[in-house]
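Taking it in order: structure first as structure tokens, then the write-up.
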Amino acid sequence: MLIAEPNRDDVEKAENLRAFFAGGVPTIAEDEMSVGISDEAYAQRRSDRLENILSKLDDLDSLDEQTASEPLVSAAEASSDRIDHKPRLTRYDKALRAEREALALAARSEQGSDTYHRAMSDAASARSKRKAEENRDADPVGRKQNETDRWRSEEGREIYNASRRSRARPNDMTPKEVLGAMTPEQIERHKKDQKADSNNRARLTKKLGTGGQGLTGAKLIEAVEAEVAKRREKRLAKRSGDHAQIVIK
């Protein structure tokens, strides 16, 4: 009958238990799994790591001194035009900003006041719009519509506006700075002149168009505008003459 040899680990565990209960200090076998570095070795390792970091910082300082006089970009890059894209706020961005501004106003207002309730109502409305834009952006059809709206308001604005006009020519818009420099009497006279030009244009279009002389397209527009300009100059000249007669009297 063969008797199995006792396991070495089991023997060591048994001896350590007997030593523990007897009041002694158990012996711990030091192997590659249980042996750690000493405190001195750990401190040395940290010191070496710090020295390595400081050395790298010194190298960076010397590199900065060497490259301080070098240009940040090459001559070829400096000659190229820089393109700065203008930031564009989406409907989601606008709703988010409106929500934050409303919440900030509510935080500054007295709770329960009219301003507080109005701000909270605006915040709730902006939050609903923001959620709707999140759902819209998650939908391919919604994303396509967003891109279409962006194109209509930016690079495709003139093309889109022209496609929506039912008239052959756009409206004559007087610049705001010109209107701002007018007196109330001049603005009223300017409105009457525009109305007179519009009436003359309608009558001349009928007279020179297919119902009259048969002009169409660009030729019709050119002929009508020329006649409108003549009548405008005649009207202004008569007004200047009347004004001169009043001054003389």
Side-chain angles (χ1 to χ4, degrees), residues 81 83-95 97-98 101 118 121-122 125-126 128-130 132-133 136-137 139-249:
D81 294 334
I83 301 176
D84 292 327
H85 295 283
K86 183 180 179 180
R88 180 180 61 87
L89 293 179
T90 63
R91 283 192 291 260
Y92 174 86
D93 296 328
K94 294 177 182 178
R97 182 172 64 181
E101 290 177 352
R118 185 168 55 253
S121 177
D122 293 343
S125 177
S128 298
K129 292 181 181 179
R130 178 173 59 83
E133 290 305 322
R136 181 188 180 95
D137 192 59
D139 180 25
V141 177
R143 288 197 298 271
K144 183 178 179 180
Q145 186 60 50
N146 285 339
E147 180 59 24
T148 300
D149 293 343
R150 184 202 63 77
W151 179 83
R152 288 174 177 175
S153 63
E154 294 180 4
E155 65 267 21
R157 181 176 181 179
E158 303 229 350
I159 299 175
Y160 176 66
N161 288 343
S163 67
R164 297 178 62 204
R165 293 190 190 106
S166 58
R167 303 174 55 190
R169 56 180 297 280
N171 293 331
D172 292 328
M173 302 298 293
T174 304
K176 291 182 179 180
E177 54 271 16
V178 175
L179 292 175
M182 292 182 180
T183 63
E185 293 78 10
Q186 290 173 332
I187 293 177
E188 188 65 26
R189 186 182 304 163
H190 176 70
K191 290 180 179 179
K192 291 180 179 180
D193 287 338
Q194 285 186 317
K195 184 65 175 178
D197 287 346
S198 179
N199 292 335
N200 287 333
R201 190 174 289 111
R203 286 194 295 268
L204 289 167
T205 300
K206 186 180 295 185
K207 177 181 178 181
L208 302 177
T210 55
Q213 298 183 14
L215 298 179
T216 59
K219 291 184 178 180
L220 175 60
I221 296 175
E222 184 178 355
V224 168
E225 292 305 316
E227 291 297 327
V228 170
K230 287 181 182 179
R231 283 160 173 75
R232 185 188 306 118
E233 291 175 0
K234 187 176 181 179
R235 185 173 63 249
L236 294 177
K238 181 180 179 181
R239 183 182 302 162
S240 299
D242 294 342
H243 180 70
Q245 291 178 3
I246 294 173
V247 172
I248 293 173
K249 290 179 181 179

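Bear in mind the structure is a predicted one, so any value in this text is a computation, not a measurement. Sequential numbering from 1 along the given sequence is applied to the chain's residues.
Within a 6.0 Å radius of CZ in Arg157, other residues, nucleotides and ligands contribute 12 heavy atoms or fewer. More than 12 heavy atoms of other residues, nucleotides or ligands lie within 6.0 Å of CD in Gln186, so this atom counts as buried by the packing criterion.
Of the charged side-chain nitrogens involved, none lies within less than 4.0 Å of a carboxylate oxygen, so that Glu233 and Lys230 do not count as a salt-bridged pair. Between Lys144 and Glu147 no salt bridge is recorded (no basic side-chain N to carboxylate O distance below 4.0 Å).
Residue Glu225 holds its CD atom at 8.5 Å from CG of Asp197, rounded to the nearest 0.5 Å. To the nearest 0.5 Å, the span separating CZ on Arg239 from CZ on Arg235 amounts to 6.5 Å.
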Can you give me every donor-acceptor pair (side chain of residues 203-219, partner residue at least two apart or in another chain, under 3.5 Å) with its distance?
residue : atom : partner : partner atom : Å
Arg203  : NH2  : Asn200  : OD1          : 2.5
Thr205  : OG1  : Arg201  : O            : 2.6

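Evaluation of the side chain to side chain donor-acceptor pair (under 3.5 Å) rule for Asp149 yields Arg91, Gln145 as partners, not counting sequence neighbours.
Across all their heavy atoms, Ala95 and Ala126 have their closest contact at O-CB, 3.6 Å.
Put simply, the side chain of Asp93 gets close to the backbone of Thr90: a donor and an acceptor are under 3.5 Å apart.
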side-chain contact (heavy atoms from CB on, under 4.5 Å) assessment of Asn146 paired with Glu133:
CA-CA 10 Å; Asn146 285 339; Glu133 290 305 322; 4.3 Å; yes
Test log, rule side chain to side chain donor-acceptor pair (under 3.5 Å), inputs Ser125 and Asp122:
CA-CA 5 Å; Ser125 177; Asp122 293 343; over 6 Å; no
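The salt bridge (Lys or Arg N to Asp or Glu O under 4.0 Å) pairs that include a residue from residues 177-192 number zero, where partners must be two or more places apart or lie in different chains.
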